[in-house]
Amino acid sequence: MRMTARDRAEPLIKKGISPEKKSLAYLAQLHDMPLGTLKTRVKKLVDQGIDREKAIRLALVNPIGPQGRPRQR
């Protein structure tokens, strides 16, 4: 069987999706935090009157607490 130009062409390598530096998505990924959690925390702090940059810093510093109802022993 003959090889045509189509068979010899190398497949295109797709570039992986990575968020832009300094975006909330990048910061959330960097700190192993869900993006929705970070956005919610930042929004709450901004609503309290804290500057957005400071709110982002504070939201990243606080650890993620347990979610949902506590287990009964």
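Values in this document were obtained by computation on a predicted structure and should not be read as measured data. Start at 1 with the first residue, then count along the sequence.
Annotation for R52 and V46: closest pair CA-CG2, 4.0 Å, computed over non-hydrogen atoms. When all heavy atoms of Y26 and E20 are compared, the closest pair comes out as CB-O, 3.2 Å.
I50 and L27 end up in different hydrophobic clusters when Ile, Leu, Val, Met, Phe, Trp and Tyr side chains are linked at under 4.5 Å. Placement of L60 and L35 within a single hydrophobic cluster is found when ILVMFWY residues are connected by side-chain heavy-atom separations under 4.5 Å, directly or transitively.
To the nearest 0.5 angstrom, Q29 atom CD is 12.0 Å from L38 atom CG. Between the CG atom in L45 and the CD1 atom in I56 there is a gap of 10.0 Å [rounded to 0.5 Å].
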